[in-house]
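Model, not experiment: these values are computed from the prediction. Counting convention: from 1, in listed order, for ligands and their atoms alike.
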Amino acid sequence: MNVLELIDVVKRYENHTAVDNVSFTVPQGTIYGLLGPNGAGKTSLIRIITTITRADRGTVLLNGEKINSSTPSKIGYMPEERGLYKKMKVGEQLMYLAQLKGLSKRDAKKEISDWLDKFDVASWWDKRIEELSKGMQQKIQFISTIIHRPKLLILDEPFSGLDPINANLIKDEIYQLNQEGTSIIFSTHRMEQVEEICEHIVLINKGKKVLDGNMKQVKLDNKENLYRIDYEGTLPNHIGDQFKLESSSENELLIKVSPDEDSNQLLAALIQNNVHVTSFNEVLPTLNDIFIKQVGHSDE
Ligand code: ATP
């Protein structure tokens, strides 16, 4: 079962196609990475999914149903641009947003108190948003995003501006919500975070889907037959033309095997050349490598 399905979605702005025939599915209960360089079309996609804007073409299904006016109440969306009212107090702000999401006054109060307690900030109820630091505001924004316990959570750069302790706190909550059945779409430029957190990804570039799938499969699909070999002793000058030495440092080699050879042949060649191999491992590309290869420039 898929929590979200996009089929041939198109969005044009004047003479620019921001989303160009994009299709992908987000499996139920997954943590899904929505990736792409600046201007790729991620925010445009999210705004379509959350019904903030309309697609020019294509279909978006949330739990098998076409998105409609009730969709926003089923989704929790934390945009990168944080939008809290600076002059409002934390408690009244959260009460307002929770009731807007359909909670009764009583439920809203209970949920908010529980979350403020959980984050150890019960005393913030009467603080004005403008009195809080950026990271503190972000915690409040996170609470406002999940207060109505949506089945789908869309988080755009949820850790930006957070110190490592608060980032971990939010990360643990994300995992907890996911364990309880919430599907999560996570958008960020930080590839190491995606690698750590996401089970599936989609990569968008210039409005088009470049790749999608299970993280492990994406890595296997993009592997370059690269092997790391630890060894002891001395190395011969030459192992074989079919093996390209990428780098060598003391007792470690990185060797690329040509596509028509396999790793056993490399291992056999090393042994034949009296190399004392102590470990032999395939090196899969990092997501950062894949991103740069597919998109053609660094994400920095
Ligand atoms: P970033 O990672 O920088 O946030 P993004 O992947 O979220 O980028 P979008 O904000 O979706 O990218 O923008 C995709 C393209 O659509 C960009 O070229 C942008 O200039 C254009 N675009 C987005 N919103 C509008 C708009 N309201 N009017 C005109 N063009 C727009």
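For ligand 1, the polar-atom distance check finds an N/O of K42 within less than 3.5 Å of one of the ligand's N/O atoms. Where the criterion is an N or O separation shorter than 3.5 Å, residue side chain and backbone included, G36 fails it with respect to ligand 1.
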(Q) Show, in sequence, the C-alpha distance, side-chain angles and deciding distance for F243 and Y227, and conclude whether the ring-ring contact (aromatic ring centres under 6.0 Å, His included) test is met. (A) CA-CA 10 Å; F243 309 120; Y227 294 86; 9.4 Å; no
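With K11 as the partner, the side-chain contact (heavy atoms from CB on, under 4.5 Å) test is satisfied by one option alone out of T17, V19, D20, V22: V19.
The closest approach between P37 and ligand 1 falls below 4.0 Å for a heavy atom of the residue. Judged by the shortest distance from any of its heavy atoms, G39 lies inside the 4.0 Å radius around the atoms of ligand 1.
Ion pair K244/E246 flagged as a salt bridge, since at least one NZ, NE, NH1 or NH2 atom sits closer than 4.0 Å to an Asp/Glu carboxylate oxygen.
Summarising the local packing, NZ of K109 is surrounded by 12 or fewer heavy atoms from other residues, nucleotides or ligands at distances under 6.0 Å. Residue Y96 places its OH atom among 12 or fewer non-hydrogen atoms of other residues, nucleotides or ligands, all under 6.0 Å distant. Heavy-atom neighbours of K74 NZ from other residues, nucleotides or ligands within 6.0 Å: above the threshold of 12.
The aromatic rings of F24 and Y32 lie parallel to each other, with less than 30° between the two planes, well short of the 60° mark.
Under the 6.0 Å cut-off for aromatic ring centres, F186 and F159 qualify, their centroids lying closer than that.
Atoms of ligand 1 lying under 4.0 Å from any heavy atom of N38, numbered from 1 in the order shown and given with element: 1 (P), 2 (O), 3 (O), 8 (O). Taking every non-hydrogen atom of H189 and a distance limit under 4.0 Å, the qualifying atoms of ligand 1 come out as 2 (O). Atoms of ligand 1 lying under 4.0 Å from at least one heavy atom of T43, given by number and element, are 4 (O), 5 (P), 7 (O), 10 (O), 11 (O).
There is no protein heavy atom less than 4.0 angstrom from atom 19 (C) of ligand 1.
Ranking the protein heavy atoms by distance from atom 13 (O) of ligand 1 puts S44 OG, 3.9 Å first. What sits closest to atom 12 (O) of ligand 1 on the protein, heavy atoms only, is G41 N, 3.2 Å. At the shortest separation from atom 16 (O) of ligand 1 among protein heavy atoms lies A18 CB, 3.3 Å. With hydrogens left out, the protein atom closest to atom 27 (N) of ligand 1 is Y13 CE2, 3.6 Å, a heavy atom.
Using modelled atom types, one finds no donor on one side chain facing an acceptor on the other under 3.5 Å when comparing E232 with T278.
Contact annotation: for H16 versus ligand 1, heavy atoms closer than 4.0 Å belong to the side chain alone.
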